[in-house]
Peer 1: 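One structure, pasted below without further comment.
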Amino acid sequence: MSSPSAYNPHEVEARWYRQWEAGGCFKPDPSSSGSPFAIVIPPPNVTGILHMGHALNNTLQDIVIRFKRMQGHRALWVPGTDHAGIATQNVVERQLAKEKTTRHQLGREEFVKRVWAWRQEYGSTIVQQLRRLGSSCDWSRERFTMDEGLSQAVETAFLELYRAGLIYRGYYLVNWCPRCQTALSDEEVQHEEIQGHLYHIRYPSAAGGEGLVVATTRPETLLGDVAVAVHPEDERYRSLAGKTLLLPILKRPLKVIADPVVDRAFGTGAVKVTPAHDPVDFLFGQRHGLEAIRVMSAEGRMNEQAGPYAGMDRFECREKILEDLAAQGLLVKTEPHTSAVGHCYRCKTVVEPTLSPQWFVKMAPLAKLGIEAVEKDGLRFVPERWTKVYLDWLANIRDWCISRQIWWGHRIPAWYCRHCYPAFLEKQERGSLSDNLKMDEAQAGIHVGSKPAACRHCKGTDLVQDEDVLDTWFSSWLWPFSTLGWPRETEDLRTFYPTSLLVTGQDIIFFWVARMVMAGKFFLKKIPFREVYIHGIIRVEGGKKMSKSLGNIIDPLQVIDRMGTDALRFSIAHMTSEGQDLYLAEDKFLLGRNFANKLWNAARLILDSPSLPVSQSPIPFNPRSMTLADRWILNRLQRAIQETTDALNSYRFNAASRILYQFLWHEFCDWYLEIAKLQKEGGDPSLAQQTGFIQRTVLEAVLRLLHPFMPFITEEIWQKLQPETLMRAPWPTPNPAWIDPEAEELFGRLDFLVTEVRNIRAFFRVPAKEKVTLLVQGRKGTALLKEHENWLKRLAGIGELTADEKLKRPSGSAVSHLPAAGPFDAWDLVVPLAGLVNLDVERKRIEKEIEALQVRAKAKRSRLADSTFRSKAPPDVIAEEEESLKELGAQLAKWQDSLKQIQ
RNA sequence: GGGCUCAUAGCUCAGUUGGUUAGAGCGCUUCCUUGACAUGGAAGAGGUCAGAGGUUCGAGUCCUCUUGGGCCCACCA
């Protein structure tokens, strides 16, 4: 083929992807008798643009799915996207802001239309980018978490859980994002260590005494204080327990309550209690039947309960209140203090714990299923250590707040009586925290399901649907079966559920993986996948996270533009060691680019030479007529096939890529192809044809082995060998007839010899063009040299090669000694270098060699002299050591003899 | 406060069950451009495997501790 010398990926990538997709290559082959193998994609957000994390995640999935497909499985990779409630709503809201409007001005219906329009226009970006990565997803099965089928699944799931008593509405303290103005689940809150202060504030006694000093990090919340807590055995406060203090500024009377949860050693040992704005205080308030006073609005501003601070931002209020306390002499002390502050995972705003009515999933029974999945159903994490993380989380699980006060998402299927519900809510807000804060749905006029004709409590007919939508993850956790058709009993669901493997990052084990397992077990009574491969996180060199704000992004699309998709994919696979984070730098992708280039050029060489077509099977040559090099490379190939298969079966992507890199580059190209060129020069056309055939045979197998890693370039070359797509080619299996330990041994000897001669040439600076003479002194095995004289001479730069047991060593020679091995006895290599060899230099070279051998021999001797080693080590290890010591001794003698001859 | 993880060549990292002389890519040094590939070829330099102790005939590999990075979880305000 007259291809350009450098591989140009852009030409071929788009073309092949189109052809594969059009040819239905990504669909599971219905005629295949292989067992199903399914993966569901971790659905990227519709708002997403491809980053390195996606590139890693999808490359690994694609490697596996292509591998399984070639192995004859009915391989299915289900793609799709996630509607990403808050994230997407935020994107569209920002767009509205540019238009100087808000979603509230637009109204709910219009706004949701806008989001759909946005999705229509931009939502396919990430999906197109996945195609550029070469992802062999079955796009005919693409799903979206808001499409009709999945919405049906969400509603079904909600109702089933509700009927099972696992969904309830409650008035609780939840994580609230004042910017997004919605509740968040515990998992959606990111804790960050913040350098703050611990403020010591005096609460005077109502009776006029000094009172006591509390310590707090959040002085603005004191406006909502309803009590002060101390430890019952704390001497300092014993006299104050049960007494009344005066809340600074608002002058509200506060009881001092004794409770052993208070840590006497922290701060002052006295804690202010603010049930409406602190999770610990909320529990405390429940236990002691306190009321809760909300002092902030949904926007995080102080409300009318905050007295003089009403209307202020919460942080502004903090500053002002500290000022006022200081002015009144109540701010006793300020000390630096770091604490973990919760932030919204979407917008990074500091979360405000807020009392509000929300929907929850009761998790304890589901967590039990999740634990069972590991203990009984054989759910397996790779690497295994994540099992513990998963189980620990399940063991300490808390109920899942699933309602979100946004508009983009699945509307909650619940209806409220306009008459009963507000009345009930008002009562509950006024009640004490010791009341059951789960809502009594009948009394509250709450109806789950489709719209009822009338309120079951008051029989009124004025009912409205819940304004809230469900947490995005409430649809994601159904993904492994909702994408296959659930709740309908589809053919896909029967065939591909449970799926086989999930590939994802550690960051969503709680959000997604654990919840899918629970949902799978709950709704379908089966775990959704047998194996979970958890890959690392992408970082840049230096260990930092890759982020836009740090400006250290490496854009996979740019890498693709510059070096090609295959280069990106191969490099990623090469760097992916089990579960370790990946530290990236731009130049790491050169490895893949260069490798692709090497493959390309090897293929050019091979395809330009005459050969029988590979498709002419069975093998049209007599194995006995094969040259040693032929036998050797075929043997190496069998090994590469076996090892690559083993590596992929255990998801050791880097191992697989290293094996193929080593085989193609350093065995096939560096040795075999170089020898093959020379074999073909011999003039024997049948040998030339045979060599060409073997080259093609190896190339063909390499293309198949490399295809999961580098689909495009391998297909491009493959098509020059035969017309059928590589995607339908079977995965290679080792051919026992070509496993050839003898060839390995014989070839190894010649390879060693060539390297030694090259070594001597380089050491003594023999000019490249100058041929040397090689004298080989040895008995057994030297006949081999004559047979392979042609390529040995050429590869080592030898002009004349003589093998004889008793040759005279010319003075001024460089020597080397090959140890006895297998069918060979020890060989002495002598390269006469009259004039080039400086005797002093040669002596030093030999002395260095002797020294190294002596060090090794000494270590072995002392090991063998050790009686405990002799009595405890296994006999074969001892025998091996003895054998190798003997050989070392022989070597040493050779070198020492050579040294003598110089002197 | 709990847990996980990493520390191996100048840099970035491999090293499956403990067993001869610890590997790769990049970088570096020397040499090589008559056609597969300079995104290349040949040769080479470079490591007391973070430190200390232990188990073992034998430890980069297993155990304990220390030091120094990274991450996750956690209701000390």
Side-chain angles (χ1 to χ4, degrees), chain A residues 3 5-7 191 198 214-218 221 229 261-263 265-268 270-274 278-284 337 339-340 385-386 388-389 392-393 396 506-507 509-510 536-537 539 541 543-545 563 567 571 574-575 577 579-585 587-588 590-591 593-609 646-647 650 652 654-655 658 661-662 669-670 673-674 677 755 758-763 765-769 795 797 852-853 855-856 859-860 863 866-874 876-878 880-881 883-885 888:
Chain A
S3 320
S5 69
Y7 171 61
H191 291 274
L198 192 60
V214 303
T216 181
T217 53
R218 301 197 53 200
T221 63
V261 293
V262 178
D263 179 357
F266 186 88
T268 61
V271 193
K272 61 195 255 344
V273 179
T274 323
D278 183 278
V280 185
D281 295 1
F282 177 74
L283 294 176
F284 187 94
H337 183 254
S339 58
R385 64 186 140 91
W386 294 111
K388 187 172 149 38
V389 175
D392 285 353
W393 183 74
N396 301 304
Q506 53 199 248
D507 48 335
I509 290 178
F510 305 145
I537 300 282
R539 297 174 188 287
E541 283 182 309
K544 292 197 193 84
K545 270 192 175 171
M563 313 195 196
S571 304
H574 196 263
M575 287 184 273
S577 79
Q580 271 337 106
D581 289 350
L582 277 74
Y583 291 74
L584 288 188
D587 62 1
K588 291 207 167 181
L590 289 171
L591 176 114
R593 184 199 61 165
N594 294 355
F595 186 61
N597 183 253
K598 191 72 180 178
L599 172 62
W600 182 252
N601 280 295
R604 284 208 306 150
L605 172 67
I606 293 164
L607 294 168
D608 280 342
S609 51
D646 291 346
S650 50
R652 283 150 45 227
N654 61 335
R658 270 160 223 270
Y661 186 98
Q662 167 70 20
C669 291
D670 288 352
L673 288 183
E674 292 305 321
K677 281 183 202 168
T755 304
R758 282 170 171 172
N759 198 320
I760 288 168
R761 293 184 55 110
F763 192 86
R765 310 272 160 105
V766 179
K769 283 176 187 156
L795 292 191
L853 288 169
V855 167
R856 287 172 51 197
K860 275 186 202 305
R863 199 174 307 154
D866 186 343
S867 62
T868 44
F869 174 71
R870 289 214 169 259
S871 59
K872 302 239 175 144
D876 56 314
V877 171
I878 297 173
E880 230 175 88
E881 285 290 281
E883 186 54 38
S884 82
L885 178 61
L888 268 179

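Throughout, protein chains are lettered first and strands after them, A, B, ... in sequence-line order, and every chain is numbered starting at 1. Since the structure is predicted, the reported quantities are computational estimates derived from the model, not experimental observations.
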Peer 1: Look at all strands and tell whether Ser867(A) reaches a base, only sugar-phosphate, or nothing, counting heavy atoms closer than 4.0 Å.
Peer 2: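 Nothing, no heavy atom under 4.0 Å.
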
Peer 1: As a test of reading the structure: which of C4(B), U21(B), A36(B) is closest to the side chain of Arg385(A), going by heavy atoms?
Peer 2: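 Minimum distance to the Arg385(A) side chain belongs to C4(B).
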
Peer 1: Heavy atoms from C-beta onward define the side chain here; which of U39(B), A77(B), A36(B) lies closest to that of Lys598(A)?
Peer 2: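 My answer, after comparing the listed nucleotides, is A36(B).
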
Peer 1: Report the stems of RNA chain B as range-with-range entries sorted by first number; a stem here is at least three consecutive pairs, Watson-Crick or G-U wobble, both distances under 3.5 Å, and write none if there are none.
Peer 2: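 If one scans RNA chain B for consecutive Watson-Crick or G-U pairs, the stems found are B:1-7 with B:67-73, B:10-13 with B:23-26, B:28-32 with B:40-44, B:50-54 with B:62-66.
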
Peer 1: May I have the distance from Tyr7(A) (atom OH) to C37(B) (atom P), rounded to whole angstrom?
Peer 2: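 Answer to the nearest Å: 18 Å.
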
Peer 1: Where the side chain of Thr868(A) is defined as all heavy atoms beyond and including C-beta, which of C57(B), U21(B), A43(B) is the nearest nucleotide?
Peer 2: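 From the listed options, C57(B) comes nearest.
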
Peer 1: Remember a base hit wins even if backbone is also touched, and classify Ser577(A) as base, sugar-phosphate or nothing at under 4.0 Å, heavy atoms.
Peer 2: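 Answer is sugar-phosphate: Ser577(A) comes under 4.0 Å of backbone atoms only.
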
Peer 1: C4(B) and A43(B): how far apart are their P atoms, nearest whole angstrom?
Peer 2: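 It comes out at 46 Å once rounded to the nearest Å.
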
Peer 1: Measure the distance from CG on Asn601(A) to C1' on U39(B) and round it to the nearest whole Å.
Peer 2: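 Atom CG in Asn601(A) sits about 9 Å away from atom C1' in U39(B).
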
Peer 1: Taking the P atom of each, how far is A7(B) from G60(B), in whole Å?
Peer 2: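 Their P atoms lie roughly 15 Å apart.
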
Peer 1: Can you check the Asp392(A) CG to G3(B) C1' distance for me, whole Å?
Peer 2: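 The answer, rounded to whole Å, is 7 Å.
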
Peer 1: Measure from the side chain of Phe510(A), starting at C-beta and using heavy atoms only, and say which of C73(B), U20(B), C32(B) lies closest.
Peer 2: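 Closest nucleotide among those given: C73(B).
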
Peer 1: Give the nucleotide from the list A14(B), C75(B), G19(B) with an atom nearest to the side chain of Ala873(A).
Peer 2: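 Within the option list, the nearest is G19(B).
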
Peer 1: Given atom NZ of Lys677(A) and atom P of C37(B), what is their separation to the nearest angstrom?
Peer 2: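 That distance rounds to 8 Å.
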
Peer 1: Rounded to whole Å, please give me the gap between CE in Met563(A) and P in G25(B).
Peer 2: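 Value for this atom pair: 18 Å.
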
Peer 1: Would you measure the distance from the P atom in A50(B) across to the matching atom in G10(B) and give it in whole Å?
Peer 2: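 It comes out at 13 Å once rounded to the nearest Å.
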
Peer 1: Would you check if Leu599(A) and Tyr7(A) make a side-chain contact, meaning some heavy-atom pair closer than 4.5 Å?
Peer 2: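 In short, these two side chains do not touch, never coming nearer than 4.5 Å.
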
Peer 1: Taking A22(B) as the reference, what is the distance to C63(B) when you measure between their P atoms (whole Å, please)?
Peer 2: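 Taking atom P in both C63(B) and A22(B), they lie 24 Å apart.
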
Peer 1: By the 4.0 Å heavy-atom rule, please label Asp281(A) as base, sugar-phosphate, or nothing.
Peer 2: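 No contact.
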
Peer 1: Tell me, with the steps shown, if Trp386(A) and Ile509(A) meet side-chain contact (heavy atoms from CB on, under 4.5 Å).
Peer 2: CA-CA 9 Å; Trp386(A) 294 111; Ile509(A) 290 178; 3.5 Å; yes

Peer 1: Counting side-chain heavy atoms from CB outward, which of G3(B), U20(B), C37(B) is closest to Glu881(A)?
Peer 2: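 The nucleotide sitting nearest to the side chain is U20(B).
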
Peer 1: Find out whether Arg856(A) and Leu853(A) are in side-chain contact, i.e. whether some heavy atom of one side chain is under 4.5 Å from a heavy atom of the other.
Peer 2: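 They are in contact (side-chain heavy atoms under 4.5 Å apart), so the answer is yes.
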
Peer 1: Could you tell me how far apart Met575(A) (CE) and G25(B) (P) are, to the nearest whole angstrom?
Peer 2: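 About 15 Å, once rounded to whole Å.
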
Peer 1: Under 4.0 Å, heavy atoms only, any strand: does Phe284(A) hit a base, just the sugar-phosphate, or nothing?
Peer 2: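 Touches nothing.
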
Peer 1: For Pro874(A), which contact category applies under a 4.0 Å heavy-atom criterion: base, sugar-phosphate, or nothing?
Peer 2: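 Base, at least one base heavy atom under 4.0 Å.
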
Peer 1: Between A38(B) and U21(B), how many Å separate the two P atoms, rounded to a whole number?
Peer 2: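 Their P atoms lie roughly 40 Å apart.
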
Peer 1: For the pair made of CD1 in Ile760(A) and P in A42(B), what is the distance, rounded to whole Å?
Peer 2: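 It is 18 Å, rounded to the nearest whole Å.
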
Peer 1: Counting distance only, does the side-chain N/O of Asn759(A) pair as donor-acceptor with the main-chain N or O of Thr755(A) below 3.5 Å?
Peer 2: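 No, the answer is negative, given that no donor and acceptor are paired below the 3.5 Å cut-off.
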
Peer 1: Evaluate Leu584(A) against Met575(A) for side-chain contact (heavy atoms from CB on, under 4.5 Å), listing each step before the verdict.
Peer 2: CA-CA 9 Å; Leu584(A) 288 188; Met575(A) 287 184 273; 3.5 Å; yes

Peer 1: In terms of the nearest nucleotide of RNA chain B, which residue is placed more toward the 5' end: Trp386(A) or Asn654(A)?
Peer 2: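 It is Trp386(A) whose nearest nucleotide is closer to the 5' end.
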
Peer 1: Just to be sure I understand the rule, does Lys272(A) reach a base, reach only the sugar-phosphate, or reach nothing, if contact means heavy atoms closer than 4.0 Å?
Peer 2: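 Lys272(A): no heavy atom of the nucleic acid under 4.0 Å.
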
Peer 1: Suppose you measure atom P in G18(B) against the same atom in C75(B); what distance do you get, rounded to whole Å?
Peer 2: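 To the nearest whole Å, 40 Å.
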
Peer 1: So if I take every side-chain heavy atom of Asn759(A) and compare against A43(B), A77(B), G25(B), which nucleotide ends up nearest?
Peer 2: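 Out of A43(B), A77(B), G25(B), the nucleotide with an atom closest to Asn759(A)'s side chain is A43(B).
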
Peer 1: Could you tell me whether Tyr661(A) contacts a base, only the sugar-phosphate backbone, or nothing, with contacts defined as non-hydrogen atoms closer than 4.0 Å?
Peer 2: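 Counting heavy atoms under 4.0 Å across all strands, the contact made by Tyr661(A) is with sugar-phosphate only.
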
Peer 1: Return whichever of Asp866(A) or Pro767(A) has its heavy-atom-nearest nucleotide of RNA chain B closer to the 5' end.
Peer 2: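 Taking each residue's closest nucleotide, the earlier one in sequence belongs to Pro767(A).
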
Peer 1: Quick one, Phe284(A) and Val271(A) - any side-chain contact, counting heavy atoms below 4.5 Å?
Peer 2: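 In short, these two side chains do not touch, never coming nearer than 4.5 Å.
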
Peer 1: Report yes if the side chains of Lys272(A) and Asp278(A) come closer than 4.5 Å at any heavy-atom pair, otherwise no.
Peer 2: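 A side-chain contact under 4.5 Å is absent here.
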
Peer 1: Could a donor-acceptor pair under 3.5 angstrom be found where the side chain of Glu674(A) meets the base of A36(B)?
Peer 2: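 It does, because a donor-acceptor pair links the side chain of Glu674(A) to the base of A36(B) below 3.5 Å.
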
Peer 1: Distance between the P atoms of U29(B) and G46(B), in whole angstroms?
Peer 2: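 Result for the P pair: 16 Å, nearest Å.
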
Peer 1: How about His574(A) and Phe595(A): do any of their side-chain heavy atoms sit closer than 4.5 Å?
Peer 2: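 When only atoms from C-beta onward are counted, Phe595(A) and His574(A) do not touch, as no gap falls below 4.5 Å.
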
Peer 1: Among A14(B), A42(B), C37(B), which is the nearest nucleotide to the side chain of Arg758(A)?
Peer 2: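 Side chain of Arg758(A) sits closest to A42(B).
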
Peer 1: Look at the side chain of Arg870(A) and the backbone N and O of Arg863(A), then say whether any donor-acceptor pair between them is shorter than 3.5 Å.
Peer 2: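 Here the side-chain-to-backbone pair does not exist.
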
Peer 1: For Leu853(A) and U20(B), give me the distance from atom CG to atom C1', rounded to whole Å.
Peer 2: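 Result: 13 Å.
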
Peer 1: Can you tell me which nucleotide in U20(B), C37(B), C76(B) comes closest to the side chain of Asn597(A)?
Peer 2: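 Side chain of Asn597(A) sits closest to C37(B).
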
Peer 1: For A77(B) and Thr216(A) - does any side-chain N or O of the residue sit under 4.0 Å from the phosphate oxygens OP1/OP2?
Peer 2: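 No, Thr216(A) has no side-chain N/O under 4.0 Å of OP1/OP2 on A77(B).
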
Peer 1: Measuring from Arg652(A):CZ to Ser577(A):OG, what's the distance to the nearest 0.5 Å?
Peer 2: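 Between atom CZ of Arg652(A) and atom OG of Ser577(A) there are 11.5 Å.
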
Peer 1: Measuring only the P atom in each nucleotide, how far is U20(B) from C37(B)? A whole number of Å is fine.
Peer 2: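 41 Å, rounded to whole Å.
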
Peer 1: Measure from the side-chain heavy atoms of Glu880(A) and tell me the nearest of U20(B), A36(B), C57(B).
Peer 2: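 When the side chain of Glu880(A) is considered, U20(B) is the closest of U20(B), A36(B), C57(B).
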
